[in-house]
Amino acid sequence: MAQLAAFDLDGTLLMPDHRLGEETCSTLRRLRERNITLTFATGRHWLEIPNLVGDLLVDAFLITGNGTRVHNAQGEVLWRHDLAPDVARIVLHSHWNTCASMHVFNDSGWLTEYDVPHMLDAHAYSGFRYTLADPKRLSVLDVSKICFCGDHEELAALRVQLNEALGERAHLCFSAQHCLEVLPPGCNKGSALAALCAHLNVPLAECMAFGDAMNDREMLGAVGHGLIMGNAMQQLIDSLPHLPVIGHCSRQAVSHYLTYWLDTPHLSCSPE
């Protein structure tokens with residue numbers, strides 16, 4: 001029996017309309033009753049998670065910003081990692097040959113110079129919103145991450161530009177087909193989960209994790225029991241071919257898998 005279960009949100013625990021299904025909530029409560037520590041691991045800002053998971057946050061932990069922050073349920077910071085100021089300055093002040101929109105995250109929230117109302121659809125249930133700001137006027141201190149949103153081909157070309165400018169001073173990762181993130185080096189959900197497990201004195205081998213995108217790769221590869229969603233990016237499936245693939249987030253596949261896992265401890269494959 002695992003001691004800790006870590007869950008990506010979008011494309012994994014949340015359904016396509018960005019909310020938790022009732023079956024999922026019920027199953028997560030069963031885990032909590034079994035004294036399994038719940039951890040929500042997401043690229044979202046920590047400020048919006050309470051409105052998404054509700055009472056499931058009690059005694060749970062948050063890995064947010066794709067590993068840039070770890071909080072306990074009381075909002076206390078257990079781990080933080082920011083972009084180096086010189087890296088943030090390069091990204092914020094340079095001209096990039098792209099049509100992708102740039103979005104900046106720090107402890108105050110989400111800042112962008114682009115008014116992109118359709119991006120708020122994913123935050124309809126949390127009520128989380130961006131603040132319009134000129135990136136060149138933003139402080140380069142305490143920037144947790146910067147992300148670019150647009151067409152995948154556009155972002156792939158931008159990644160080449162960013163890699164040439166930043167090299168090993170940043171970690172570039174696709175958190176979704178339409179979202180390219182600039183993170184501190186060595187910063188990912190896997191390293192954040194390792195820090196949390198050290199804090200809790202829980203071996204990674206006794207953890208399970210679920211995810212669907214490349215920003216979940218390190219976390220899924222680090223735990224004793226990693227599971228990939230059926231709707232996952234093909235790149236993730238290819239990079240971790242030894243891990244089982246379960247069902248689709250639209251069918252609350254995490255809940256279905258965990259129900260069988262709780263009731264049939266020796267289950268070795270997805271029930272779907």
request  = Keeping to residues at least two apart or across chains, list the ring-ring contact (aromatic ring centres under 6.0 Å, His included) pairs with something in residues 154-189.
outcome  = His152-Phe174
ask   = Step by step, would you call Phe40 with Leu56 a side chain to side chain contact (heavy atoms under 4.5 Å, CB included)?
value = CA-CA 10 Å; Phe40 301 103; Leu56 292 170; 4.1 Å; yes
ask   = Donor-acceptor pair, Ser239 side chain versus Leu236 backbone, under 3.5 Å?
value = yes
key: Name of the residue among Leu13, Thr12, Asp8, Ile237 meeting side chain to side chain contact (heavy atoms under 4.5 Å, CB included) with Met229   = Thr12
task = Kindly indicate, with the supporting measurements, whether the criterion side chain to side chain donor-acceptor pair (under 3.5 Å) is fulfilled by His256 and Glu23.
result = CA-CA 8 Å; His256 297 161; Glu23 291 179 32; 3.0 Å; yes
ask   = Restricting to pairs with a member in residues 123-136, which pass salt bridge (charged side-chain N to carboxylate O under 4.0 Å, His left out), not counting sequence neighbours?
value = Asp134-Arg137
query = What salt bridge (charged side-chain N to carboxylate O under 4.0 Å, His left out) pairs are there with at least one residue in residues 61-84, not counting sequence neighbours?
reply = Arg69-Asp82, Arg69-Asp107, Arg80-Asp82, Arg80-Asp107, Arg80-Asp142
ask   = SG of Cys25 to CG of Asp55: how many Å apart, nearest 0.5 Å?
value = 7.5 Å
key: Polar side chain donor-acceptor pair, Ser255 to Thr24, under 3.5 angstrom   = no
ask   = If you measure from OG1 on Thr98 to CG on Leu158, what distance do you get to the nearest 0.5 Å?
value = 4.5 Å
query = What do you reckon, is CD of Glu153 surrounded by more than 12 foreign heavy atoms closer than 6.0 Å?
reply = no
key: Backbone N/O of Val91 and side chain of Ser94: donor-acceptor pair under 3.5 Å   = no
task = Step by step, work out the side chain to side chain contact (heavy atoms under 4.5 Å, CB included) result for Tyr257 and Leu227.
result = CA-CA 10 Å; Tyr257 183 90; Leu227 297 119; 3.4 Å; yes
message = Within a 6.0 Å radius of atom CG on Asn97, are there more than 12 heavy atoms belonging to other residues, nucleotides or ligands?
response = no
query = Between Asp263 and Arg30, is there a side-chain N and carboxylate O pair less than 4.0 Å apart?
reply = yes
Mutual orientation of the aromatic rings belonging to Tyr130 and Trp110 [parallel < 30°, tilted 30-60°, perpendicular > 60°] = perpendicular
query = In terms of side-chain geometry, is the basic nitrogen of Lys189 or Asp216 positioned less than 4.0 Å from the acidic oxygen of its partner?
reply = yes
message = ring pair (Phe, Tyr, Trp, His ring centres under 6.0 Å) for His45 and Phe128? Distances and angles first, verdict last.
response = CA-CA 9 Å; His45 200 287; Phe128 193 60; 5.5 Å; yes
key: Test side chain to side chain donor-acceptor pair (under 3.5 Å) applied to Arg44 and Asn66, Asp10, Thr64, the passing residue   = Asp10
query = Once the angle between the rings of Phe61 and His199 is folded into 0 to 90°, is it parallel (under 30°), tilted (30 to 60°) or perpendicular (over 60°)?
reply = perpendicular
ask   = Are the side chain of Asn51 and the backbone of Ser126 linked by a donor-acceptor contact shorter than 3.5 Å?
value = yes
